[in-house]
Colleague: 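Handing you a structure now.
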Amino acid sequence: MACSTEKNGKGKAAAAKRRRKISQTTVMLLLMMVLLTSSLTDGSSVKANNPKDDRLADDLSRFIQEQLGPFYYQVKQQWEQDGFPAATESFSVKAVNYTAASNEDLVTAGSYEGRQNVLIWRTNREEWIELELDVPTTGLYEMKASYNHWRDPQAETTSFRPVNLAMTINGEFPYREARSIRFPRYYHDDYPWKKDKDGHHIRPQPIEIERWAELPITDREDSYGTPLLWYLEAGTQTLRLQGSSSIVLDELQFGPPSMIPDYATVRQAYPATAASPDVEPIVIEAEAMTEKNEVSIQILSDPDAFMTPKANGKIIFNGVGGNRWNDGGEMITWEFEVVEDGLYQIGMRALNNLQFNVTAHRKVYIDGQVPFQEMLAFRIPYNRSWQKVVLNDKEEQPYAFYLTKGKHTLSMSVTYAPHKQVQVLLEQVNQELGVVSRNLQALTKGDDDKNRTWDIAASFPEMLEDLRSARDKISVMADLWLDENLERDNNYQSLRTAISDIDKLLDYPNHIPNKKDTLSLIQTKVVSITNQLLKSPMTLDQIIIAPYEQELPRMTANVWEKSVNGMMGFFRSFSEETTLTGADGEVLTVWMNYGRDYVNLLQELANQYFTPKTGIPVKIDLLPSEDLLVLANATGNVPDVAIGIGEGRPSEFAFRNSVINLAEFEGFDQLIEDFAPGSIMPYYYDGGYYALPETLQFRLLFYRKDILDHLGLEVPDTWDDVYEMLPTLQQNGYNFFLPTGEFLPFVYQNGADFYANDGISTGLDSPEGFAFFREITELFSMYGIDRQVSSFLQHFRDGYMPIGVADLNMYLQLLVAAPELTGWWGMAPLPGYPNSDGEVQRWSGGNIGMLAQGLGFGAQASSGSGGQSAAMIMSKSEKSEEGWEFIRWWLSAPIQEQFGSELEGFYGAEFRWNTANLEAFMRLPWTQEELTPILEQWRWYKAMVNVPGSYFIPRELNNAWNRTVVDGMNYRRSFEMAIMNINREMVRKQKEFGYRDEDNQVIRTFNLPEVNLPWEGVKRYVSD
């Protein structure tokens, strides 16, 4: 398995020599700084050295703010203060009349979905088009877009992503929200819903509604309640649209700001007629949605006694929302029919209990329009139980809605509008506290010297000014939160406590340099309300539209109904099909270690495709925990097949002859052709492969294009490039992110290996092994990479860590949670070291720092660890051939693609299925820009083989790293201790499993596989 070569070893030695030279220079500079600063005795002495540090922190904060731009909220306030006029005229521009494009081949004029002369813009990478606007008069305009989503009839995959476009006027973003304007897709759920053999509902597939949409341009989360305004001066202006997804555009319309009247005005204009009180109320089952604008909006099952329809112990979809309807702008539409003109009231059965004491808000539309101002953000108060919510005013008088006879639509969308000012203030507070924190770090060099005296007020008055400013803003935030939320909840108390903490710092300013932990705690308290600002979950059961004079029906269960329902639930717990079913010889039993919806989806696919083709009936059960599989194996009540199993588990079962060697089955070699050779290594044992990967994770390099350009830095291709960029990053207040415990890439890239003597001992006891450990420790102890980072995602968004290493989940998080960075970040392959031929070797795989620590056979384990999930056949199965047929089917490209596509259809892009089958992976909706670095890194995927006792390797490496980086022990001494402990445990396990005799003599070895070259199977998917 060793991947090192003599040529590669020389290259690593040269690189190590260069790093040692840099290290020696760094140490000398640090020594000089220590000697210089040791003579400083008071705050005034360092005053001359500090302004540069202060300017650095301020400049960094200012640059990041300039890059993102101000919030629309701030720009609009400035417009109002400066008296900018509202537009008085309207105009429009046809998209086909574009004046420039980054790639003319991707833009064509044609007909689409019933409209002629529209612009069809096909792209899967970052591109742009420009339109000239002939603005009649200077003023503030609203914009509306007429668009459709391009659906390529030849495409093999369906994208569920909304299109996001960045919009600039004359090359400038007017505010940060313009960086990501969402053009949503529209869906409805496939109806009627199917049931499985146990009577549970099966989650329906979303079906995209193919229609033209007229979209008022709002911010991505629609967090202001009204469309965005655009300041345009009379004459010719240039509008640029930039994005990486295909779209069809007809026309952009510009007009004066729309005015939504208040309820009193609307009510006066209603006709005098009222609906008869005898008219039957209209009951809308909330789960029966006519339309939704995100696939992630999901129906759910609730066991409450008053739900309709009742669950009765089954998974019956009877509600919608919860945590799957909580992001700004997510909208649900229901269609209903009115039998008589007149005034109506609206009530709903709602549950808002997922955020303690936090009010939820919904924007309400009738026939696509907000009827009056009070519906821009209607409050739904917190309640632990289901409640009756009526759309009414502060005096609890229902609002009247005039509806004519015929069909209408009611829509509700999530809105953050009432909390927008708090969100803006929160960012400003974070920036001010961040400046103080970075200045303190520069001032104290990270050390607390309680014997040193300071005069902060005289030497660093700007630090106190920032703290006072932050305190005042937090006070405003607390008042705004209380006014809107009406409860002194935990969030309000966190803000008040932060104010108190800042007051204490201001009372004793000379203690501030020794209170860095307090400052960090203040930031944590302030940031703790972020989730409540940006999430607003709520569940709906029913919506009732009744004549205004008619009393709405009861919507909550009484004590008797709750008691009966609870009792029935107790009795059903003894008879439900909630227990795992072992292999029974009649059907193929599969235990799946994913969620219930995953199980239902795979069961449906098996019923639809696998059983009709093979004649093998399959029962798929939910495995809530891998530990249950260990216990089941001990009792003999095992399934035929287990899937979704963590990377470290199958080998431990193989050591104990509890799983079957898949390599013995016909078709194994053909199946693994679509899998990277390095991805199946964790499942090797004694000449066989006892599982195959379903999903995998690997590391990529994420970087902020804007910040690297600002610093004049290139994306690093090698680790030497990283070493060279670190001083520039750190001198400007930034840093590089590297997860702690990231051992595997540095082991392989330094030419080391985990094993020697064919797996009998660790291969880390080598010059290359010591070079690896020295590098992974010096990066943190000498080169200043942060040991602890609360959230790389947040630091990346804020701009303070503009580059770093993370897995593919980071991509999904940025895609969903950081729309404001669209087009401003990129992915690249992991840095590596060049070999003698100049090819950069980027070996990486599952992170061994997170590998399962055994199976519970005397060691601790955790599921899903190590970066892969796998499928295996249990030895006690009587249906091994059928089990192999199922695994071949399950891991095949068509089924992996269909499973991934349908899963993404349920929950959105953040649930992208990272299949280990490369052919299936290529069929999922990736863009070319995304695929290029992913495919390059896939070539270098190599995980660690597991042998008896190998669980000690990540454990001891972590211990050794802590001893060196945290405790300051010499790296060589610490690493020698780890090597000794690893070899001792491996010897113990080898005796247990018959690889050594009682005298510790080796009886046989492991015959480990080797992966020394990158996988060439990727090349057939790489575009020239």
Side-chain angles (χ1 to χ4, degrees), residues 66-70 72 75 93-109 118-133 141 143-150 159 161-185 213 215 217-221 227-228 230-232 236-252 254 702-710 797 799 811 814-827 909 925-932:
E66 289 173 355
Q67 288 298 101
L68 289 177
Y72 172 72
V75 174
V93 58
K94 291 284 290 184
V96 291
N97 297 327
Y98 72 96
T99 55
S102 58
N103 189 337
E104 293 281 354
D105 295 336
L106 302 176
V107 185
T108 58
V118 297
L119 184 72
I120 302 173
W121 186 12
R122 305 181 186 94
T123 181
N124 66 351
R125 63 179 68 226
E126 200 71 22
E127 303 287 354
W128 55 263
I129 61 170
E130 288 184 346
L131 300 166
E132 279 193 359
L133 309 179
Y141 289 82
M143 189 192 314
K144 181 182 290 186
S146 178
Y147 76 98
N148 206 325
H149 284 280
W150 168 251
S159 175
R161 297 188 204 175
V163 171
N164 291 296
L165 295 180
M167 295 187 177
T168 61
I169 302 293
N170 299 326
E172 301 289 337
F173 291 106
Y175 31 76
R176 71 174 57 184
E177 287 83 355
R179 293 177 178 274
S180 181
I181 303 297
R182 179 172 60 176
F183 290 73
R185 298 175 183 269
L215 178 73
I217 300 300
T218 67
D219 66 294
R220 180 181 172 86
E221 290 87 14
L228 298 172
W230 306 76
Y231 178 69
L232 302 174
T236 301
Q237 312 295 333
T238 301
L239 171 66
R240 173 177 285 192
L241 308 178
Q242 183 169 330
S244 59
S245 300
S246 298
I247 192 171
V248 185
L249 293 170
D250 183 3
E251 187 178 55
L252 296 179
F254 296 81
F702 292 84
Y703 61 93
R704 287 281 298 270
K705 299 177 183 178
D706 51 345
I707 297 177
L708 293 193
D709 287 345
H710 172 73
R797 290 181 69 179
Y811 156 79
L814 286 170
L815 186 70
V816 175
E820 74 279 5
L821 296 182
T822 300
W824 292 82
W825 62 273
M827 293 188 298
W926 301 95
T927 69
Q928 190 58 48
E929 283 184 326
E930 295 160 353
L931 283 174
T932 299

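What you see is a predicted model; the values in this text were computed from it and never measured.
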Colleague: Distance-only, no hydrogens or angles: does the Arg704 side chain make a donor-acceptor pair with backbone N or O of Arg797 under 3.5 Å?
Modeller: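 Yes; at least one donor-acceptor contact below 3.5 Å.
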Colleague: In chain order, what residues pass the side-chain contact (heavy atoms from CB on, under 4.5 Å) check against Ser246, with sequence neighbours excluded?
Modeller: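 Partners of Ser246 under the side-chain contact (heavy atoms from CB on, under 4.5 Å) test: Arg122, Trp150.
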Colleague: Are the side chain of Ser102 and the backbone of Glu127 linked by a donor-acceptor contact shorter than 3.5 Å?
Modeller: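 Not a single qualifying donor-acceptor pair exists.
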Colleague: Please name all residues satisfying side-chain contact (heavy atoms from CB on, under 4.5 Å) with Ala166, sequence neighbours left out, ordered by chain then number.
Modeller: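 Scan of Ala166 (side-chain contact (heavy atoms from CB on, under 4.5 Å), adjacent residues dropped) gives Phe173, Gln242.
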Colleague: Please check: side-chain N/O of Glu929 versus main-chain N/O of Glu126, any donor-acceptor pairing under 3.5 Å?
Modeller: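 Side chain of Glu929 to backbone of Glu126, a donor-acceptor pair under 3.5 Å: yes, one is there.
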Colleague: What are the two closest heavy atoms between Ile247 and Val163, and how far apart are they?
Modeller: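 For Ile247 and Val163, the tightest heavy-atom pair comes out as CD1-CG1, 4.1 Å.
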Colleague: Trp825: what forms a ring-ring contact (aromatic ring centres under 6.0 Å, His included) with it, not counting sequence neighbours?
Modeller: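 Here no residue qualifies.
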Colleague: If the condition is side-chain contact (heavy atoms from CB on, under 4.5 Å), which residues does Glu172 pass it with, not counting sequence neighbours?
Modeller: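 Testing Glu172 for side-chain contact (heavy atoms from CB on, under 4.5 Å), a comparison that skips the adjacent residues, returns none.
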Colleague: How would you list, by chain and number, every residue that makes a side-chain hydrogen bond (donor to acceptor under 3.5 Å, both in side chains) with Tyr141, sequence neighbours excluded?
Modeller: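 Once residues adjacent in sequence are excluded, the partners of Tyr141 under the side-chain hydrogen bond (donor to acceptor under 3.5 Å, both in side chains) criterion are Thr137.
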Colleague: What do the steps show when you test Val118 against Asn148 for side chain to side chain contact (heavy atoms under 4.5 Å, CB included), and what is the final call?
Modeller: CA-CA 10 Å; Val118 297; Asn148 206 325; over 6 Å; no
Colleague: Restricting to salt bridge (charged side-chain N to carboxylate O under 4.0 Å, His left out), what partner residues turn up for Glu130, sequence neighbours left out?
Modeller: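 Scan of Glu130 (salt bridge (charged side-chain N to carboxylate O under 4.0 Å, His left out), adjacent residues dropped) gives Arg240.
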Colleague: Looking at every non-hydrogen atom in both residues, tell me the closest pair between Gly243 and Leu165 and how far apart they are.
Modeller: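 Minimum heavy-atom separation between Gly243 and Leu165: CA-CD2, 3.8 Å.
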Colleague: Taking C-beta and beyond as the side chain, do Ile169 and Leu239 meet within less than 4.5 Å on heavy atoms?
Modeller: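 Contact flag for Ile169/Leu239 side chains = yes.
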Colleague: Can you name the residues that form a ring-ring contact (aromatic ring centres under 6.0 Å, His included) with Tyr703, not counting sequence neighbours?
Modeller: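 Once residues adjacent in sequence are excluded, Tyr703 has no partner under the ring-ring contact (aromatic ring centres under 6.0 Å, His included) criterion.
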Colleague: Between Arg185 (side chain only) and Arg161 (backbone N and O only), is there a donor and an acceptor less than 3.5 Å apart?
Modeller: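 Indeed, once roles are kept as given, a pair shorter than 3.5 Å links the two residues.
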Colleague: Holding to side-chain hydrogen bond (donor to acceptor under 3.5 Å, both in side chains), I want the full list of residues that pass it with Gln237, two or more places apart in sequence or in another chain.
Modeller: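 Result, side-chain hydrogen bond (donor to acceptor under 3.5 Å, both in side chains) vs Gln237: Asn170.
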Colleague: In chain order, what residues pass the ring-ring contact (aromatic ring centres under 6.0 Å, His included) check against Tyr98, with sequence neighbours excluded?
Modeller: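 Not a single residue meets the ring-ring contact (aromatic ring centres under 6.0 Å, His included) criterion with Tyr98.
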Colleague: When you compare the side chain of Met167 with that of Leu241, does any pair of heavy atoms fall below 4.5 Å?
Modeller: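 Yes. Closest side-chain heavy atoms under 4.5 Å.
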Colleague: Mark yes or no for whether Tyr147, through its side chain, and Leu252, through its backbone, hold a donor-acceptor pair below 3.5 Å.
Modeller: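 Between the backbone of Leu252 and the side chain of Tyr147 there is no qualifying donor-acceptor contact (under 3.5 Å).
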Colleague: If the plane angle is over 60° it's perpendicular, under 30° parallel, otherwise tilted; pick one for Tyr175 and Tyr72.
Modeller: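 Aromatic pair Tyr175/Tyr72 classed perpendicular.
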Colleague: Could you tell me which residues satisfy side-chain hydrogen bond (donor to acceptor under 3.5 Å, both in side chains) with Ser146, sequence neighbours excluded, listed by chain and number?
Modeller: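 side-chain hydrogen bond (donor to acceptor under 3.5 Å, both in side chains) check on Ser146 returns Arg115, Glu214.
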Colleague: Under 4.5 Å between any side-chain heavy atoms of Thr123 and Asn103, yes or no?
Modeller: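 Side chain of Thr123 against side chain of Asn103, heavy atoms only: no contact under 4.5 Å found.
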Colleague: Taking the side chain as everything from C-beta on, heavy atoms only, tell me whether Ile217 gets closer than 4.5 Å to Trp230.
Modeller: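 A side-chain contact exists here, since the closest heavy-atom pair is under 4.5 Å.
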Colleague: Please name all residues satisfying side-chain hydrogen bond (donor to acceptor under 3.5 Å, both in side chains) with Thr927, sequence neighbours left out, ordered by chain then number.
Modeller: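 Thr927 satisfies side-chain hydrogen bond (donor to acceptor under 3.5 Å, both in side chains) with Glu930 once adjacent residues are dropped.
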Colleague: Any side-chain to backbone donor/acceptor pair from His149 onto Pro162? Under 3.5 Å, distance only.
Modeller: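 No: the side chain of His149 does not pair with the backbone of Pro162.
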Colleague: With sequence neighbours left out, what residues match Lys94 under side-chain contact (heavy atoms from CB on, under 4.5 Å)?
Modeller: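 Partners of Lys94 by the side-chain contact (heavy atoms from CB on, under 4.5 Å) criterion, ordered by chain and then number, come out as Val96, Asn97, Asn117, Asp250, Glu251.
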